[in-house]
Amino acid sequence: MRGYNVLFPMGFDAFGLPAENAAIRHGIHPATWTFDNIRAMEAQYRNMGAMIDWSREVITCTPEYYRWNQWFFLKMLERGLAYRAAGAVWWCPSCQTVLANEQVIEGNVCERCGSAVSRRDLEQWYFRITQYAEELLRDAEGLDWPERVKTMQRNWIGRSEGAQVAFTLETGDVLEVFTTRPDTLWGATFMVLAPEHPLVASITTPEHREAVARYVEQARRQSEVERQSTDEERPRTGVFTGAYAINPVTDERIPVWIADYVLMGYGTGAIMAVPSGDQRDFEFARAFGLPIRVVVQPEGAPTLESGAMTEAYAGPGVLVDSGPMTGLRVPEQLPEIIAWLAESGRGEAKVTWRLRDWLISRQRYWGTPIPVVYCARCGMQPAPEDQLPVLLPLDAAFTPTGQSPLVTNTAFLETTCPGCGGPARRETDTMDTFVDSSWYWFRYTSPHYAAGPFDPATADAWCPVDLYCGGIEHAILHLLYARFFTKVCRDLGLIDHGEPFLRLRNQGMILSEEGTKMSKSRGTQVAPDDLVREHGADALRLHLMYLGPWEQGGPWNSRGLQGMERFMRRAWTVVTETGAGPFDGAAPDAEVRALRGVTHRTIQRVTEDLDEFQFNTMVAALIEFVNELMRLKETPVVRTPAWREAVETLTLLLAPSAPYLAEELWERLGNPYSVHQQAWPVFDAALTARDLVEVVVQVNGKVRDRLRLAADAAEAEAVAMALAAPRIAEALNGAEPRKIVYVPGRLINIGR
RNA sequence: GCGGACGUGGCGGAAUGGCAGACGCCGCGGUCUUAAAAACCGCUGAGGGGCAACCCUCGUGCGGGUUCGAGUCCCGCCGUCCGCACCA
C-alpha cells in the first residue's frame, strides 16, 4: 500500500530435537510428524489471513535444502573454517548429544530440555567462528537492533585487551599467562593453573602428587555434578603443586598452585595472581597465607597497607615498588608498560576472547549428515561436491543412544573412499540445526535454485533483510551464527554485504492465561483455529494487536475478543449505512473541518504507530475514529464529501489489521478489488491542526478552570482571560501571581 | 554480586516534563424483549459535599529532591522480570 516491493516468505526449520523427540514419543517417523505439522501450520497461517508468498516456502529437512548445508560445510572445510578437534565439551544426558557453548544456559543447563549438562572429553566438529570475532563485535555497532541484544552479543563475544606474559618455571617449562593488568606484574606473588592444565602432571613434585591428584579428581567430579555456585560464602579451594616460577620482572621465586577458579577454557588456563589487585586472588591469598604486595596506590586516598586490606584494590592509581615502572599512572600509562614488556622480551600485547568456536556435530538422527568419510588409507576425506546430498536414510532406528543412530545403519555407514576407491566409513554425526537457520533467508530469494545455495543475483537484490522480527531467545544463538554465515558467504564471493539483518525487533511471547509458556501437553495451549472459527480471523488479529505492547507479550485472555467484534460491527454499521451517499449535502464549515481533522489525525496516528510497532495504540486510534463517526453520522456532515473521505479512509486504515473486513467494506463502497492494492492514505498537516482548543488553567499546578481559545492565541490575551476567570480569582485569593507559564494550545499555570 | 528493563483503577493497558487513567475488558444502569441472551446507549480511580449543573480532597511501589508544573528527570530504598556471573 505504500509502494514497496515486499518479500514476506515463510518456511519451516524442521530438523532437530523437538521433531525427533515428539516422533519418539508418538512412535511416528520424524519426517511424517514434521510434514503433518507443517501442513497444519500452513493452514493456520492461511486462516489467520497472513499474506505470505508460499511459492518461496523453504523446509530445511528436505534434501533440496540440506544438501546446501553440506555444501557450506565443504566450503568451510576448504577454507579451514571447519575442523575436528578433541576437547572438553558439554554433554546433555537427556538429549544424548553434545551441545555448543551457546546452547548451555545458567552455567550448566541445556537450553532445550532444561537438564543439567556436564563436561566430556570428546572429539567433535567445529566451525571457526572465532576467526570473525573482531568483525562480529565491530559490525554489531551499526545495526538497528534492540540495545539489549547488541549488549548480549558484545558480552558473549567478550573482547578483553591486555598482555601475554611468559613465566619460566624452575623445571624449565614456560608458562604463558594472559592478564588485563600487566601493570600489576610486580605484585604477582604466586601463580594458579586450572586443574585441567596440561603442565599440572609434569610440574607437580612427588610429595604433592597425591594431594594434587585428589584435587584434580574432585574438580573434575564437581563439574560432573551441579555447577559450583559463585556465592560469597563458598571458600576458595586449591592446592600447591610444589613447583616454583620466576616472576620475570622481580626475578622472585613464586609458588605455583592449582585452583578451580581458574578456567582452562579462557586465556591460557593459567594466571599470575596479584592478590592486592584482584579480589579472587586476594581471597585465595588470605585463605592460604600467601603474600600480598601493594603495587598500585590510589591517589587522594589513604595509603594501602597489605596487612590491613580487607579487599583488593582494582582502581586507578600510581605504581609503587614496581622497578622501572614505579611512578607511572594507571590505567593511563598501561600502553607504556606493555611496550616495555615487549621491548625487554617479557611479554606482548594480546587480545583475548570469550567466544569459543561453534561445536556443530550432534549424536542425533534428525539432522544434516556431515559430508565426510573416513578411509583407513587416506584418512578423513570430504565427500565430493557432485555427490551431494549425502542423504539421511529414512530407515534408521532413531532412538538416541549417545551415539549417532547412523552408526548402526550399515547401508549408510559403508561407502567407498573418494580418494582411493577403497572401503570407507561415513561420518555418522549430524549437524547442529542452527546450521539450517544460519542462511535460510538467502534461500527465500531463489528457493528452487539448483546451482548453489542461492542465486547470488537475487540474493544481492533482496538482501540484507530490512526488517527481521523474532523472539529475544535468539539474541545470541541464531543471530550470532547467522551473522557469522553472512560474513562467510561474503568471503566466498556470493554476496557483497556482511550483515544479514539491518533492523531487528523482538516480539514478546503470548503466554497461557496462567502466565506460563503455552503447552499442548499441559492443556494451556490456545488454538488459533478454534478462535478463528468462533470469532473470525480479523477479530483475532485485532485482539492480538490490542492485547498489549507488541515487544512485551504477556498472558493470553480471550475476554477482550468480544470488544473487537463490537468494534468491527460498529465499523461495518457506519460504513455500510452511510458509505453509499449521496454526498451532495451541506454542513457548517466548522463541522466539516472538524470531521476532516479527525480523519487526518487518525491517518497520522495509525501511520506512525504502525511504523513504530505500536499496534495496540494503532487499534485504539481506529476504535476512537469509528466511535466518533458513530456520533457524527446523525449530523449533516454525513451528506458531505468529507464523509465519503472519512469512511473510505477508515476502510483503508483497517486493511493491514482486519484484511477481510476491509476488503468487504471496500467492495460495498463501490470500489474495485482490492483494498490491499490501494495507496495508503496520506494526512494533510493543514487539516490535523485544531483551530479551537481547550486550554487548562492551573494555579500552582492544579487545574482550576478551562478556557476555549484559538490554538495560536497570544500569551497576553490568554493570560488576561485566565486572570479574569472567577474561579481563578477565587483560587488566587487576592495573592499576586509570582510566575505565569503559558504553553500555547495546552495550559496556563499561575504560580502564587 | 554486577548490568538492564519495569512497577499506573477490579483487569489488559494509554500518556513529546503540561488535564493521569486514552482505548478495551469486567461491573452497574437503561433501550429492545413476555423474559433472557445478543445488540445498542449511558455510567464506571478512591473518599467526601451538593436538589442539581457540578465542586473539594487524595491518588501512578516507598522516601527525598529538581521544577511554575513530575507517572515521566535526579538520588536512595523495596519488589518483579531479564541478561551476565570466578573471563584473569
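Computed from a predicted model, the values in this text were never measured in an experiment. Protein chains get the first letters and strands the later ones, always in sequence-line order, with residue 1 at the start of each.
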* **SB check A:Glu283 A:Arg286 (cutoff 4.0 Å)** =>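 Not counted as a salt bridge, because no side-chain N and carboxylate O are separated by less than 4.0 Å.
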* Give a yes or no on whether a salt bridge exists between A:Arg601 and A:Glu628, defined as a side-chain N under 4.0 angstrom from a carboxylate O. =>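 Looking at A:Arg601 and A:Glu628, the cut-off is not met.
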Whole angstrom value for the distance that separates [atom2] of [N] from [atom1] of [X]:
| X | N | atom1 | atom2 | answer |
| --- | --- | --- | --- | --- |
| A:Leu709 | B:rC19 | CG | C1' | 15 Å |
| A:Met618 | B:rG13 | CE | C1' | 15 Å |
| A:Arg559 | B:rG12 | CZ | P | 9 Å |
| A:Leu653 | B:rC23 | CG | C1' | 16 Å |
| A:Trp145 | B:rG4 | CH2 | P | 22 Å |

* Syn/anti state for B:rG9 [syn: chi within 90° of 0] ->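 Because its glycosidic torsion lies within 90° of 0, B:rG9 adopts the syn conformation.
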* Test item: A:Asn101 and A:Gln103 side chains (from C-beta on) under 4.5 Å apart, heavy atoms ->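 A side-chain contact is absent here, since even the closest heavy-atom pair is not under 4.5 Å.
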* Choose from B:rG13, B:rG18, B:rC68 the nucleotide whose nearest atom is closest to any side-chain atom of A:Leu747. =>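 The nucleotide sitting nearest to the side chain is B:rG18.
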* Asked: Nearest to the side chain of A:Arg704 - B:rC23, B:rC56, B:rC86?
  ->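 Per side-chain heavy atoms of A:Arg704, the pick is B:rC56.
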[X] vs [N]: side-chain N/O to OP1/OP2 distance below 4.0 Å:
| X | N | result |
| --- | --- | --- |
| A:Asn557 | B:rC11 | no |
| A:Gln614 | B:rA14 | no |
| A:Tyr546 | B:rG24 | no |
| A:Ser160 | B:rA88 | yes |
| A:Arg727 | B:rC55 | yes |
| A:Lys702 | B:rG59 | no |

* Determine yes or no for a side-chain-to-main-chain donor-acceptor pair under 3.5 angstrom, with A:Arg706 supplying the side chain and A:Val703 the backbone. =>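 Absent.
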* Mind checking which stems touch RNA chain B? I mean at least 3 consecutive Watson-Crick or G-U pairs, both distances under 3.5 Å. =>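 When the pairs of RNA chain B are grouped into runs of at least three, the stems are B:1-7 with B:78-84, B:10-12 with B:23-25, B:27-31 with B:39-43, B:45-49 with B:54-58, B:61-65 with B:73-77.
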Please tabulate, one pair per line, each protein N/O and nucleotide N/O from nucleotides 5-8 of chain B that are separated by under 3.5 Å, including the distance.
none

Categorize [X] for me: base, sugar-phosphate, or nothing, with a 4.0 angstrom heavy-atom threshold over every strand shown.
| X | result |
| --- | --- |
| A:Asn749 | base |
| A:Val262 | base |
| A:Glu147 | nothing |

* Asked: Is there a donor and acceptor pair, one atom on the side chain of A:Arg148 and one on the base of B:rC82, closer than 3.5 Å?
  ->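 There is none.
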* To do: Could you measure between the two C1' atoms, the one in B:rG12 and the one in B:rC77, and give it in whole Å?
  =>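 Straight-line distance between the two C1' atoms is 29 Å.
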* **Residue closer to the 5' end of RNA chain B, A:Asp278 versus A:Ile623 (nearest nucleotide)** =>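 It is A:Ile623 whose nearest nucleotide is closer to the 5' end.
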* Asked: When you measure from the centre of the six-membered ring of A:Tyr261, is the NZ or CZ of A:Arg236 under 6.0 Å away and within 45° of the axis?
  ->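 Yes - A:Arg236 lies over the ring of A:Tyr261, closer than 6.0 Å to its centre and within 45° of its axis.
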* **A:Arg119 charged N/C atom sitting above A:Trp90 aromatic ring, 6.0 Å / 45°** =>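 Judged by the rule, A:Arg119 and A:Trp90 form a cation-pi pair.
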* To do: Classify every nucleotide of nucleotides 37-45 of chain B by which part a protein heavy atom approaches to under 4.0 Å, writing B for the base, S for the sugar-phosphate alone and - for neither, in 5'-to-3' order.
  => --SS-----
